[in-house]
2 protein chains.
Amino acid sequence: MEEEGPAAAAPVASNRKVVLRGYISRAPREDDMVLVDGGTVALRVPGGAPPAVLVRNLYLSCDPYMRGRMRDFQGSYVPPFKPGSVIEGFGVARVVDSTHPGFSAGDIVSGMTGWEEYTLIDKPERLSTIQQSDIPLSYHLGLLGMPGFTAYAGFYEICSPKKGEFVFVSAASGAVGQIVGQLAKLHGCYVVGSAGTNQKVELLKEKFGFDAAFNYKEEPDLTAALKRYFPEGIDIYFENVGGQMLDAVLLNMRVHGRIAVCGMVSQHGLTDPVGIHNLYCLVPKRIRMQGFLQSDYIHMFPKFLNDMGKHYRDGKIVYVEDMSIGLENAPAAFVGLFSGKNVGKQVVCVSQE
Amino acid sequence: MEEEGPAAAAPVASNRKVVLRGYISRAPREDDMVLVDGGTVALRVPGGAPPAVLVRNLYLSCDPYMRGRMRDFQGSYVPPFKPGSVIEGFGVARVVDSTHPGFSAGDIVSGMTGWEEYTLIDKPERLSTIQQSDIPLSYHLGLLGMPGFTAYAGFYEICSPKKGEFVFVSAASGAVGQIVGQLAKLHGCYVVGSAGTNQKVELLKEKFGFDAAFNYKEEPDLTAALKRYFPEGIDIYFENVGGQMLDAVLLNMRVHGRIAVCGMVSQHGLTDPVGIHNLYCLVPKRIRMQGFLQSDYIHMFPKFLNDMGKHYRDGKIVYVEDMSIGLENAPAAFVGLFSGKNVGKQVVCVSQE
């Protein structure tokens with residue numbers, strides 16, 4: 001075999017990036033991020049460095065937790081982004097070059113990557129290789145990725161569901177909510193979802209098979225609305241929004257109810273979050289309210305992939321994503337999460353190759 | 001054996017009662033209750049009625065949950081009191097007469113009774129017979145009664161304690177708090193308590209053996225105070241107060257922390273409870289926050305009695321009660337709970353016989 005000499009230049013490509021301008025303490029805006037020309041990148045892993053892979057990013061995921069990385073706060077479970085540096089997030093990518101024995105050029109991988117066209121990943125052992133199938137690659141950012149797994153772990157490990165129980169899901173057409181609701185239906189529960197547009201409400205009822213759904217923006221009294229949809233009360237609340245919805249839910253919970261706290265997206269933009277007034281309900285109703293992160297359940301991921309892939313192929317779980325085309329549209333797509341602009345799981349297509 | 005003829009009159013006694021004047025929706029005041037002359041009571045269970053026992057009340061218990069029974073609200077786990085009727089509560093009493101095979105005159109019992117001198121109890125099967133010992137009878141309203149059992153069930157069943165963990169107890173010198181703190185110490189935890197006077201703080205440190213304690217009224221910044229007492233954070237919070245203390249605790253919890261919600265006494269008097277702003281901490285810290293009632297764990301009561309009696313006799317658990325003498329002082333004793341006037345478990349001695 002003939003080695004290429006050191007003089008053989010690697011092919012290069014231009015590499016646009018989305019960069020964080022600076023830390024914020026309010027809801028994200030489009031101009032908090034900027035698309036910059038990152039110059040050219042050599043399409044080869046640099047020699048002499050520890051094993052790494054160079055990937056071409058295909059799909060990027062917009063997730064609410066990323067808002068937390070835009071704050072100057074070191075105490076969270078993920079460190080903040082660096083101002084002036086590329087935004088990081090989950091993505092699906094194709095390996096262009098690899099010096100790591102686990103990956104070869106052409107492999108499709110998912111994992112943490114950058115909001116740019118090409119990313120050099122120096123901890124490739126954290127990437128997963130995707131076995132391509134009839135399931136679209138971008139679904140590995142939702143149905144078969146972190147949001148789907150969040151729904152799966154949260155529903156089975158935190159909600160302690162029983163057949164016939166009454167389940168309420170907020171932000172129900174979102175990446176996580178749509179899966180939770182369908183898993184609850186498969187489990188034999190009665191499921192109601194809330195969303196912020198009538199289009200989403202229709203989606204919940206017609207596409208995702210929820211028993212009922214409502215537009216919370218059209219309900220002047222959320223407590224009364226929940227009473228209408230759950231005359232016997234709520235056994236399980238899958239909490240994605242926080243704020244007034246949580247207060248209304250607390251008043252409508254049943255004895256020994258469970259609240260799985262996945263997120264509180266309505267509070268993401270607020271420096272001083274809305275106060276919750278009805279926590280006293282926890283005592284007489286013996287409610288368990290539990291926050292969780294999917295990463296604590298990662299040992300269940302292979303089973304999840306298997307179960308969810310089968311459900312999807314069997315037509316028992318459907319999935320809706322909202323795809324923005326082009327890296328330049330990533331900031332708007334991300335910002336839209338916090339006003340509920342997305343319909344289904346928000347992803348960005350950087351390249352379909 | 002010679003039967004008494006129907007003409008043989010039963011002895012009678014006067015029977016003063018504490019009666020609820022009417023429903024309230026604020027903190028209780030002394031004049032919400034009134035001591036009335038209940039006339040005379042025949043000291044014999046009426047003939048022809050279902051089995052019942054007539055008791056002379058010795059000690060009555062003042063407990064924060066009773067505030068909930070003063071509201072006109074049917075939806076709780078205990079029904080409201082009836083205006084114009086005698087207040088009900090836990091008590092220790094001596095059986096004067098019984099037509100129930102399980103009880104005989106002279107027995108000492110504990111259970112639900114009335115705030116009066118004599119009570120006819122028509123569901124005596126709910127009473128427990130007390131085996132007299134060297135433990136004072138009134139302790140069956142605290143250390144060996146509902147509050148002690150609340151501490152026991154809450155600590156072992158809800159807090160999931162591990163040796164070496166950091167435990168914080170609010171209202172720590174109260175009926176439940178003092179026991180929780182001592183159980184946590186016995187379990188090998190590091191325990192800090194808060195209370196509302198310096199006298200109580202001394203009690204926590206000197207008498208109950210807490211590792212540290214502070215007067216929350218002297219701390220302008222509760223978040224900073226907790227940071228000082230728990231530089232590595234709190235694993236377990238036994239919640240008795242709610243409000244600002246809960247918000248400060250949430251900021252100081254450790255990952256995978258547990259909050260056992262026993263009560264929120266600071267919120268009892270408020271129609272519009274203080275808002276809790278830091279619940280978003282539940283997600284990144286994966287906190288489990290769980291309300292509970294001791295009644296769900298009643299199968300553990302015999303083990304509790306045995307364990308706690310042994311701890312007390314072995315000198316491993318001490319107990320402080322605050323006894324008011326005389327039925328006429330019961331309203332003031334009860335109202336004092338909500339401003340922290342009591343030092344230790346509040347009881348009322350109706351009669352020492």
Side-chain angles (χ1 to χ4, degrees), chain A residues 64-65 67-68 73 75-78 150 153-154 157-158 233 239-244 246-247 250-268 270-297, chain B residues 64-65 67-68 73 75-78 150 153-154 157-158 233 239-244 246-247 250-268 270-297:
Chain A
Y65 83 90
R67 152 78 179 91
F73 176 65
S76 189
Y77 61 101
V78 272
T150 299
E157 298 296 302
I158 308 291
E239 162 69 303
N240 288 309
V241 300
Q244 293 178 327
L246 176 56
D247 255 343
L250 283 165
L251 294 176
N252 281 283
M253 288 297 286
R254 299 181 86 183
V255 164
H256 292 128
R258 286 83 68 198
I259 299 177
V261 188
C262 178
M264 295 190 167
V265 77
S266 78
Q267 305 303 300
H268 270 281
L270 306 175
T271 314
D272 188 22
V274 170
I276 300 299
H277 295 80
N278 297 332
L279 278 180
Y280 65 87
C281 294
L282 295 185
V283 182
K285 297 183 178 183
R286 295 89 119 182
I287 295 168
R288 170 162 56 82
M289 188 168 175
Q290 190 164 356
F292 71 99
L293 294 177
Q294 49 84 25
S295 47
D296 287 339
Y297 304 91
Chain B
Y65 83 90
R67 152 78 179 90
F73 177 64
S76 188
Y77 61 102
V78 274
T150 299
E157 297 298 302
I158 308 292
E239 162 68 304
N240 288 308
V241 301
Q244 293 178 327
L246 176 56
D247 256 341
L250 283 164
L251 294 176
N252 280 283
M253 288 297 286
R254 300 180 85 181
V255 164
H256 292 127
R258 288 83 68 198
I259 300 178
V261 188
C262 178
M264 295 190 167
V265 77
S266 78
Q267 306 303 300
H268 270 280
L270 306 175
T271 313
D272 187 23
V274 170
I276 301 299
H277 295 79
N278 297 332
L279 279 179
Y280 64 86
C281 294
L282 295 185
V283 182
K285 297 182 178 183
R286 297 89 119 179
I287 295 168
R288 170 163 56 82
M289 187 169 175
Q290 190 165 355
F292 72 99
L293 294 177
Q294 49 85 24
S295 48
D296 287 339
Y297 303 91

| Part of B:Asp296 within contact of chain A (heavy atom distance under 4.5 Å) | side chain
| message | Please classify the contact of B:Leu246 with chain A as side chain, backbone, both or neither, using a heavy-atom distance under 4.5 Å. | response | side chain
| task | Give the member of B:Ile287, B:Asn278, B:Ile158 that has the highest number of heavy-atom pairs under 4.5 Å with chain A. | result | B:Ile287
| task | Give me the one residue out of B:Arg286, B:Arg288, B:Met289 that meets side-chain contact (heavy atoms from CB on, under 4.5 Å) with A:Gln290. | result | B:Arg288
| task | Pick one of side chain, backbone, both or neither for B:Cys262, based on which atoms fall under 4.5 Å of a heavy atom in chain A. | result | backbone
| message | Let's test your reading of the structure: which of B:Val78, B:Val261, B:Leu293 forms the most heavy-atom pairs below 4.5 Å with chain A? | response | B:Leu293
